[in-house]
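For reference, the structure discussed in these notes is given below.
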Amino acid sequence: MAKKPSLPKGTRDFSPQEVAKRLYIMDTIKSSFQLYGFQPIETPSFENSETLMGKYGEEGDRLIFKILNSGDYLNKVDEELFSLKDSAKLTPKISEKALRYDLTVPFARYVVQHQNEIIFPFKRYQMQTVWRADRPQKGRFREFCQCDADVVGSNSLWQEVELVQLYDDVFTKLKLEGCTIKINNRKILSGIAEVIGADDKLVDFTVALDKLDKIGEEGVKKELLEKGITGQAIKKLQPLFSFTGNNEEKLISLSQLLNTSDTGKKGIEEIVFVIKNIQSLGLKSSKIELDVTLARGLNYYTGAIFEVSAPENVQIGSIGGGGRYDDLTGIFGLKGVSGVGISFGLDRIYLVLEELQLFPKKVLENTKVLFINFGEAEALYAMQAITKLRKEGITAELYPDADKMGKQMAYADKRQIPYVVLAGGNEIEAKTFTLKRMKNGEQEVLTMDKLVNFLL
RNA sequence: GUGGUUGUAGCUCAGCAGGUUAGAGCGCUAGAUUGUGGUUCUAGAGGUCGCCGGUUCGAAACCGGUCUUCCACCCCA
């Protein structure tokens with residue numbers, strides 16, 4: 001007896017219905033990417049370990065899936081190293097490749113390798129699977145698809161403006177209204193750290209601040225103290241905790257807080273540019289909101305930071321994120337190429353659309369008409385008609401076996417095929433087709449031409 | 001990686017403090033209905049109780065391990 005098969009943790013199969021819905025989202029995103037002038041590229045699902053390792057911080061390295069070398073890989077490890085049982089030292093000896101962890105770092109590698117062919121500024125999009133050895137949770141998997149759009153080779157803040165529009169465009173097309181596009185700027189965070197005298201603890205500071213909506217003011221303060229930020233410094237942060245009002249009001253109080261920091265002022269300038277221009281251009285269904293606590297993906301962002309929250313009535317993490325990174329390709333030896341990009345979380349958008357029942361019914365439609373099979377001669381008559389229908393682009397199929405009609409009908413019903421054609425001896429003789437509407441059971445007799453016209 | 005949680009029929013779940021042949025609803029198959037699906041009625045099939053080991057006269061139930069699910073932390077889409 002074969003053992004029941006199973007899937008590795010955090011992976012999934014997709015049914016035809018699920019694939020149809022995923023393709024609907026991906027096609028929507030893709031069409032907007034193309035509308036904004038982004039071009040698609042693809043990179044391998046695995047890279048050399050050294051390309052990925054160390055690019056996502058310590059935490060990231062742990063979450064990268066490593067691929068074991070081929071052949072007798074243990075035999076090549078020297079005894080001493082092996083007996084030390086030091087995973088960090090042993091791993092590079094037995095694993096030289098790793099699964100893609102995101103699309104940004106492979107893209108940076110791509111830009112560096114193809115720098116002489118690329119026409120800058122280069123706008124590329126990429127929709128591919130990535131893998132993380134994380135513990136799964138709701139909307140969190142070990143294998144999932146990322147949909148990224150990035151621009152490299154331009155410092156213009158108009159890119160940021162366009163990317164906000166792009167988010168709005170996609171969510172509008174998906175009928176997902178009321179998303180909040182949160183925006184912040186790394187320079188503002190640096191400025192704050194500078195002002196409170198904690199520049200050296202920037203990451204600790206921002207990670208703690210990022211949790212404000214989750215653990216509250218007291219929680220953040222507690223974490224800051226634990227990380228060694230002084231009580232006096234925390235006091236200076238007080239304005240941030242009572243940060244309310246619209247974007248303009250927030251910017252005014254930020255300016256006061258940061259008036260001694262050049263970096264901070266630069267950050268405010270950048271944010272003002274983006275927000276002001278977005279307001280002039282208008283958004284269709286999303287809101288833009290300045291959020292000084294936003295700090296995610298800080299490892300390489302240097303300017304703008306984006307994150308998109310689903311409408312308030314849906315409990316799920318962010319459905320997209322992105323930002324500006326001034327020197328992403330620097331890690332691969334190409335200095336001075338700035339990039340900015342955004343990412344859509346396909347799996348999470350799926351969950352949100354499902355919860356809000358926003359998938360159009362059309363997405364699940366497939367075959368439009370099923371021909372009942374009455375036997376050899378009748379099947380040929382049906383196939384001739386089906387061939388003509390398909391020529392017109394109408395999805396049609398023949399039930400493959402001459403089973404009892406009830407069974408064939410039930411099949412059409414279960415597959416939600418809206419029309420059934422019955423063509424037996426009588427119809428063949430009269431050169432007609434009996435068309436049945438499954439919705440209400442009504443039937444009518446049609447000629448071939450009329451059948452085509454009806455189904456078009 | 002840390003702490004917790006879940007696993008019984010295809011699906012959703014019952015199963016009282018360990019005790020005979022483990023149940024329900026939905027779904028599935030067949031028939032009532034030999035050119036008509038969705039409703040109804042009748043009959044039927046389907047379970048190594050996640051897996052391995054232990055305690056016990058006896059384990060779906062108790063204990064340990066393991067895998068899986070979901071949740072919190074970490075981090076993140």
Side-chain angles (χ1 to χ4, degrees), chain A residues 1-12 15 25 29 56-64 87 100-104 127-148 203 206-208 210-211 214-215 219 223 294-299 306-310 315-323 341-352 370-375 378 399 402-428 434-443 445:
Chain A
M1 267 291 258
K3 221 179 128 191
K4 250 191 197 169
S6 64
L7 284 175
K9 187 198 296 207
T11 66
R12 303 146 295 162
S15 67
I25 299 173
I29 295 173
Y56 310 99
E58 220 175 292
E59 190 70 18
D61 283 358
R62 206 193 76 213
L63 298 177
I64 291 173
S87 300
R100 185 166 59 207
Y101 176 87
D102 75 351
L103 300 178
T104 308
M127 305 171 88
Q128 290 189 277
T129 311
V130 303
W131 294 268
R132 294 185 187 177
D134 207 358
R135 276 220 191 162
Q137 280 179 40
K138 185 176 183 182
R140 247 175 126 160
F141 308 94
R142 303 181 96 177
E143 177 183 72
F144 61 99
C145 183
Q146 278 193 335
C147 310
D148 278 24
V203 172
T206 50
V207 166
D210 189 48
K211 295 179 192 162
K214 215 172 190 175
I215 59 178
E223 184 161 333
L294 182 60
R296 303 203 160 185
L298 199 68
N299 282 327
F306 301 113
E307 181 172 298
V308 184
S309 304
Q315 286 287 319
I316 195 154
S318 63
I319 55 174
I342 56 172
S343 178
F344 289 83
L346 173 67
D347 294 284
R348 292 199 177 169
I349 293 172
Y350 182 104
L351 291 171
V352 172
L370 177 79
F371 282 66
I372 299 293
N373 188 333
F374 288 104
E378 294 90 340
Y399 189 91
D403 285 339
K404 280 164 62 176
M405 194 169 16
K407 196 170 172 187
Q408 299 191 42
M409 282 291 181
Y411 177 79
D413 192 43
K414 271 182 248 174
R415 282 205 35 206
Q416 297 189 55
I417 296 171
Y419 299 102
V420 164
V421 165
L422 296 91
N426 298 340
E427 282 88 350
I428 293 175
T434 299
L435 179 80
K436 177 180 168 116
R437 239 182 259 255
M438 293 303 276
K439 201 169 147 191
N440 52 20
E442 281 171 16
Q443 291 184 195
V445 180

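Proteins come first, then strands; the chains are lettered A, B, ... in the order of their sequence lines, and each starts at number 1. Fair warning: this is a prediction, and the values are worked out from it, not measured in the lab.
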Check the distance between [N]'s [atom2] and [X]'s [atom1] and give it to me in whole angstrom.
{"X": "K9(A)", "N": "U66(B)", "atom1": "NZ", "atom2": "P", "answer": "11 Å"}
{"X": "K214(A)", "N": "C73(B)", "atom1": "NZ", "atom2": "C1'", "answer": "8 Å"}
{"X": "R132(A)", "N": "G1(B)", "atom1": "CZ", "atom2": "C1'", "answer": "17 Å"}
{"X": "F141(A)", "N": "C75(B)", "atom1": "CZ", "atom2": "P", "answer": "21 Å"}
{"X": "D102(A)", "N": "A77(B)", "atom1": "CG", "atom2": "C1'", "answer": "10 Å"}
{"X": "R62(A)", "N": "U2(B)", "atom1": "CZ", "atom2": "P", "answer": "9 Å"}
{"X": "R12(A)", "N": "U68(B)", "atom1": "CZ", "atom2": "P", "answer": "16 Å"}
{"X": "D134(A)", "N": "U2(B)", "atom1": "CG", "atom2": "P", "answer": "14 Å"}

For nucleotides [N] and [M], find the distance between their [atom1] atoms and express it as a whole number of Å.
{"N": "A60(B)", "M": "C52(B)", "atom1": "P", "answer": "13 Å"}
{"N": "C26(B)", "M": "A43(B)", "atom1": "P", "answer": "14 Å"}
{"N": "A24(B)", "M": "G47(B)", "atom1": "P", "answer": "15 Å"}
{"N": "U21(B)", "M": "C49(B)", "atom1": "C1'", "answer": "15 Å"}
{"N": "C75(B)", "M": "U5(B)", "atom1": "P", "answer": "24 Å"}
{"N": "U69(B)", "M": "U12(B)", "atom1": "C1'", "answer": "15 Å"}
{"N": "A22(B)", "M": "A30(B)", "atom1": "P", "answer": "28 Å"}
{"N": "U2(B)", "M": "U8(B)", "atom1": "P", "answer": "26 Å"}

Practice problem: Could you please name the option among C75(B), A77(B), C70(B) that lies closest to any side-chain atom of K211(A)? | Solution: C75(B)
side-chain contact (heavy atoms from CB on, under 4.5 Å) partners of [X], counting only residues at least two apart:
{"X": "P418(A)", "result": "K368(A)"}
{"X": "Q443(A)", "result": "T434(A), K436(A)"}
{"X": "N426(A)", "result": "none"}
{"X": "D210(A)", "result": "A295(A), R296(A)"}

Quiz item: Between R132(A) and Y101(A), is there a donor-acceptor pair closer than 3.5 Å when you use the side chain of the first and the backbone of the second?
Solution: yes
Quiz item: Which one of Q146(A), R140(A), R12(A) satisfies the side chain to side chain donor-acceptor pair (under 3.5 Å) criterion with D347(A)?
Solution: R12(A)
So [X], base contact, sugar-phosphate only, or nothing? Heavy-atom distance under 4.0 Å.
{"X": "Q146(A)", "result": "sugar-phosphate"}
{"X": "S343(A)", "result": "nothing"}
{"X": "G139(A)", "result": "base"}
{"X": "I319(A)", "result": "sugar-phosphate"}
{"X": "G322(A)", "result": "nothing"}

Quiz item: Between F144(A) and A77(B), do the rings stack, that is, sit under 5.5 Å apart with planes less than 30° off each other?
Solution: yes
Taking the side chain as C-beta and beyond, is there a heavy-atom pair between [X] and [Y] under 4.5 Å?
{"X": "V308(A)", "Y": "S318(A)", "value": "no"}
{"X": "Y419(A)", "Y": "M438(A)", "value": "no"}
{"X": "L370(A)", "Y": "Y399(A)", "value": "yes"}

Quiz prompt | Most 5' of G10(A) and R348(A) on RNA chain B, judged by nearest nucleotide | solution = G10(A)
Quiz prompt | Residue mapping more 5' on RNA chain B - nearest nucleotide basis, P136(A) or I215(A) | solution = P136(A)
Exercise. Any chance you could encode RNA chain B as dot-bracket? Rule is Watson-Crick or G-U wobble with both distances under 3.5 Å; [ ] for pairs crossing earlier ones, | for another strand.
Key: ((((..(..((((.....[...)))).(((((.......))))).....(((((..]....))))))..))))....
Quiz item: Among side-chain atoms of D102(A) and Y56(A), is any donor-acceptor pair under 3.5 angstrom?
Solution: yes
Quiz item: Which parts of nucleotides 27-40 of chain B does protein reach within less than 4.0 Å, heavy atoms only, written one letter per nucleotide 5' to 3' as B for base, S for sugar-phosphate only and - for none?
Solution: -S--S---BBBB--
Self-check item: Test side-chain contact (heavy atoms from CB on, under 4.5 Å) applied to M405(A) and V420(A), N373(A), L422(A), the passing residue
Solution: L422(A)
Quiz prompt | Check: U69(B) base within 3.5 Å donor-acceptor of R135(A) side chain | solution = no
